[in-house]
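All of these numbers come straight from a predicted model, not from anything done at the bench.
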Amino acid sequence: MDIVILAVVIAVVVLGALGGLIVGSRRKKQLPPPPPAAPDITAPPAEPHVGDEAETPREEPRRTIEEVDLPDGSAPVVVEEPPAEAPQIEIPEPTAGRLVRLRTRLSRSQNALGKGLLTLLSREHLDEDTWEEIEDTLLTADVGVQPTQELVERLRERVKVLGTRTPEELRTLLREELITLVGRDMDRAVKTEPEDRKPGIVMVVGVNGTGKTTTTGKLARVLVADGQSVVLGAADTFRAAAADQLQTWGERVGAHTVRGPEAGDPASVAFDAVKEGKEMGANVVLIDTAGRLHTKTGLMDELGKVKRVVEKHAPVDEVLLVLDATTGQNGLVQARVFSEVVDITGIVLTKLDGTAKGGIVVAVQRELGVPVKLIGLGEGADDLAPFEPEAFVDALIGE
């Protein structure tokens with residue numbers, strides 16, 4: 001009996017111990033993991049307070065508010081801006097003899113036309129093949145068919161009469177015939193000084209890309225160099241920045257520029273330019289028209305309108321057509337169309353230094369019956385020269 005009771009007690013103790021272990025293990029599983037230990041943070045050094053390291057204040061005299069001068073607020077503070085610097089006025093070099101000084105710019109035309117002809121004429125026997133080569137040289141230089149035939153015929157006759165030909169005789173012969181072909185008796189002065197009034201009125205016309213606006217600016221320099229006062233009319237209102245370009249040219253020589261709104265009426269700008277030229281007592285008004293394409297009938301009609309509106313003030317003294325010498329025979333087509341719209345009185349040949357087609361001078365004069373008055377021989381500001389037949393021919397055939 002005692003053994004049974006002891007066994008029961010032991011069983012109860014064992015069961016109780018097992019139950020406690022089970023409950024404890026369950027509690028351990030349900031408890032969340034302990035939070036990580038907070039890192040040690042070093043406190044930043046304390047910032048010094050005002051006056052911590054300041055020196056002992058010194059006794060200084062102090063002014064009360066009544067003693068301090070304060071602005072009354074009646075006059076605003078004006079900040080003076082530095083005055084804008086006026087553009088420096090340039091003094092162009094004299095135009096007399098300018099073509100002589102620029103003669104080396106015609107080197108390409110010289111090699112193709114002048115030296116080419118001298119080489120052919122210097123042959124011991126001038127047979128038909130040689131004369132055909134002479135004709136080809138002239139035609140390649142854009143002299144034109146009719147002028148070429150005339151020149152070759154005269155050269156044949158004079159060479160036949162001359163007999164023996166020294167290099168100096170040939171050069172003199174060719175010089176005389178080329179000057180005759182270019183035309184020494186044509187009036188090449190730019191009409192800017194009418195006798196009965198001021199100012200003289202000059203219109204500059206031409207297609208896009210010929211350098212028309214630049215030529216207008218360079219022409220202003222030519223006139224200023226000759227002692228004339230100039231007003232520029234920026235009537236090319238269709239091309240962006242054309243008026244700015246012309247005004248820049250004018251400012252360099254002290255010429256006033258009249259301009260209007262972009263895409264405005266060109267005739268109105270031209271009219272105002274002449275009006276202001278009269279009021280200012282200027283010698284010349286230069287009107288830069290739009291670089292219109294000669295194939296656009298409406299634009300060509302607009303060019304005629306500009307001329308008619310300007311003539312409400314006074315007759316136009318000059319209409320200068322700007323042609324690109326490198327375009328060759330295409331320039332003659334342009335010249336023909338422009339001459340039907342306005343009465344062309346003179347030709348300006350630009351970019352003549354960049355082409356071997358020096359004979360275009362002859363061809364365009366024959367086409368229009370008007371003289372070449374100015375030629376462009378470079379991109380410099382003073383590379384526009386009055387045309388002089390003798391100097392031009394001398395540059396073509398060389399020394």
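The shortest non-hydrogen separation linking G183 to P389 is O-CG, 3.6 Å. The shortest heavy-atom contact between T257 and A234 is CG2-CB, 4.4 Å. Taking both residues in full, the closest heavy atoms of A273 and G233 are given as CB-CA, 3.7 Å, listed atom of the first, atom of the second, then distance. Scanning both residues, V306 and A270, for their nearest heavy atoms gives CG1-CB, 3.9 Å. In terms of heavy-atom proximity, G200 sits nearest to P194 at CA-CD, 3.6 Å. The two residues A290 and F238 come nearest to each other via the heavy atoms CB-CD1, 3.7 Å.
For D185, there are no side chain to side chain contact (heavy atoms under 4.5 Å, CB included) partners, not counting sequence neighbours. Under the side chain to side chain contact (heavy atoms under 4.5 Å, CB included) criterion, E135 pairs with T148, V152, not counting sequence neighbours. Scanning for ring pair (Phe, Tyr, Trp, His ring centres under 6.0 Å) contacts around H256 gives an empty result, with sequence neighbours left out. Partners of F271 according to the side chain to side chain contact (heavy atoms under 4.5 Å, CB included) rule, which considers only residues two or more places apart in sequence or in another chain, are V309, K312, H313. Residues satisfying the side-chain hydrogen bond (donor to acceptor under 3.5 Å, both in side chains) test with T326, not counting sequence neighbours, are D324. With sequence neighbours left out, the side chain to side chain contact (heavy atoms under 4.5 Å, CB included) criterion links D244 to A241, R259. Under the rule for a side-chain hydrogen bond (donor to acceptor under 3.5 Å, both in side chains), E168 has no partner lying at least two apart in sequence or in another chain.
In this structure, the side chains of T215 and T210 stay at 4.5 Å or more apart for every pair of heavy atoms. The side-chain heavy atoms of I201 and E311, taken from C-beta on, include no pair separated by under 4.5 Å. Contact annotation: the side chain of L99 approaches that of F392 to within less than 4.5 Å [non-hydrogen atoms, C-beta and beyond]. A heavy-atom distance below 4.5 Å is not found between the side chains of F338 and L368. Put simply, the side chain of L332 does not reach to within 4.5 Å of the side chain of R366, judged on heavy atoms. A 4.5 Å side-chain heavy-atom check between K278 and R197 finds every atom pair outside the cut-off. Counting only heavy atoms from C-beta outward, the side chains of L352 and I360 approach each other to under 4.5 Å. The closest side-chain heavy-atom distance from D265 to E302 is below 4.5 Å.
Here side-chain hydrogen bond (donor to acceptor under 3.5 Å, both in side chains) pairs that include residues 338-349, with residues two or more places apart or in two chains, are E318-T345. Pairs of residues two or more places apart, or lying in two chains, that qualify as side-chain hydrogen bond (donor to acceptor under 3.5 Å, both in side chains) and include a residue from residues 174-183 are R154-E177, R158-E176, R158-E177, R175-D394.
With hydrogens and angles ignored, the 3.5 Å screen pairs a side-chain donor or acceptor of K373 with a backbone N or O of A189. Remark: the backbone N or O of L323 is paired with a side-chain donor or acceptor of T350 at under 3.5 angstrom. Using a distance-only test at 3.5 Å, with no hydrogens or angles considered, a donor-acceptor pair links the side chain of T289 to the main chain of V204. Using a distance-only test at 3.5 Å, with no hydrogens or angles considered, no donor-acceptor pair links the side chain of S109 to the main chain of L106.
No single ILVMFWY cluster, assembled from side-chain heavy atoms under 4.5 Å apart, contains both V337 and L320. Under a hydrophobic clustering in which Ile, Leu, Val, Met, Phe, Trp and Tyr are joined whenever their side-chain heavy atoms come within less than 4.5 Å, directly or via other members, I347 and V393 fall into the same cluster. V190 and V274 fall into different hydrophobic clusters, where Ile, Leu, Val, Met, Phe, Trp and Tyr are joined by side-chain heavy atoms under 4.5 Å apart, directly or via other members. Follow the hydrophobic side-chain contacts under 4.5 Å out from V205 and you reach I375 in the same cluster.
Going from atom OG1 of T166 over to atom CZ of R171 covers 12.0 Å, rounded to the nearest 0.5 Å. Once rounded to the nearest 0.5 Å, the distance linking CG of L102 with CG of L377 reads 5.5 Å. Separating the CD atom in Q365 from the CE atom in M186 is a distance of 4.5 Å, to the nearest 0.5 Å. Within the model, atoms CG of L155 and NZ of K160 stand 14.5 Å from one another, a figure rounded to the nearest 0.5 Å. Distance check: L219 CG to T192 OG1 gives 8.5 Å after rounding to the nearest 0.5 Å. Note that the CZ atom of R308 and the CG atom of L303 stand 9.5 Å from one another [nearest 0.5 Å].
Partner D383 forms a salt bridge (charged side-chain N to carboxylate O under 4.0 Å, His left out) with one of R98, K218, R105, K351 and no other, that one being R105. Paired with V364 under the rule side-chain contact (heavy atoms from CB on, under 4.5 Å), one option of V370, V372, D142 passes, and it is V372.
In the displayed structure, E390 atom CD is contacted under 6.0 Å by more than 12 heavy atoms of other residues, nucleotides or ligands. Within 6.0 Å of NZ on K275 lie no more than 12 heavy atoms contributed by other residues, nucleotides or ligands.
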Inset, instruction - Please test F387 against V182 for side-chain contact (heavy atoms from CB on, under 4.5 Å), starting from the C-alpha separation and ending with a verdict. - result: CA-CA 11 Å; F387 185 76; V182 171; 3.6 Å; yes
Inset, instruction - Apply side-chain contact (heavy atoms from CB on, under 4.5 Å) to V143 and L181, showing your working. - result: CA-CA 9 Å; V143 173; L181 193 66; 3.9 Å; yes
Inset, instruction - Check the pair I397 / L178 against side-chain contact (heavy atoms from CB on, under 4.5 Å), numbers first and verdict last. - result: CA-CA 10 Å; I397 62 178; L178 286 175; 3.9 Å; yes
Inset, instruction - Verify side-chain contact (heavy atoms from CB on, under 4.5 Å) between Q247 and L232, making sure each step is shown before the conclusion. - result: CA-CA 8 Å; Q247 184 169 353; L232 298 172; over 6 Å; no
Side chains of residues 281-288: which donor-acceptor pairs under 3.5 Å do they make with residues two or more places apart or in other chains?
{"unit_1": "N283", "atom_1": "OD1", "unit_2": "S229", "atom_2": "N", "d": "2.8"}
{"unit_1": "N283", "atom_1": "OD1", "unit_2": "S229", "atom_2": "OG", "d": "2.9"}
{"unit_1": "D288", "atom_1": "OD1", "unit_2": "K212", "atom_2": "NZ", "d": "2.9"}
{"unit_1": "D288", "atom_1": "OD2", "unit_2": "T213", "atom_2": "OG1", "d": "2.8"}

List, one per line, each side-chain donor-acceptor pair under 3.5 Å for residues 112-125, sequence neighbours excluded.
{"unit_1": "K115", "atom_1": "NZ", "unit_2": "Q110", "atom_2": "OE1", "d": "3.4"}
{"unit_1": "T119", "atom_1": "OG1", "unit_2": "K115", "atom_2": "O", "d": "2.8"}
{"unit_1": "S122", "atom_1": "OG", "unit_2": "L118", "atom_2": "O", "d": "2.6"}
{"unit_1": "R123", "atom_1": "NH1", "unit_2": "T130", "atom_2": "OG1", "d": "3.3"}
{"unit_1": "R123", "atom_1": "NH1", "unit_2": "E133", "atom_2": "OE2", "d": "3.1"}
{"unit_1": "R123", "atom_1": "NH2", "unit_2": "E133", "atom_2": "OE1", "d": "3.2"}

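In this structure, a donor-acceptor pair under 3.5 Å is present between the side chains of Q245 and T214.
Membership of an apolar cluster is not assigned to V269, as no side-chain contact below 4.5 Å to another ILVMFWY residue is traced.
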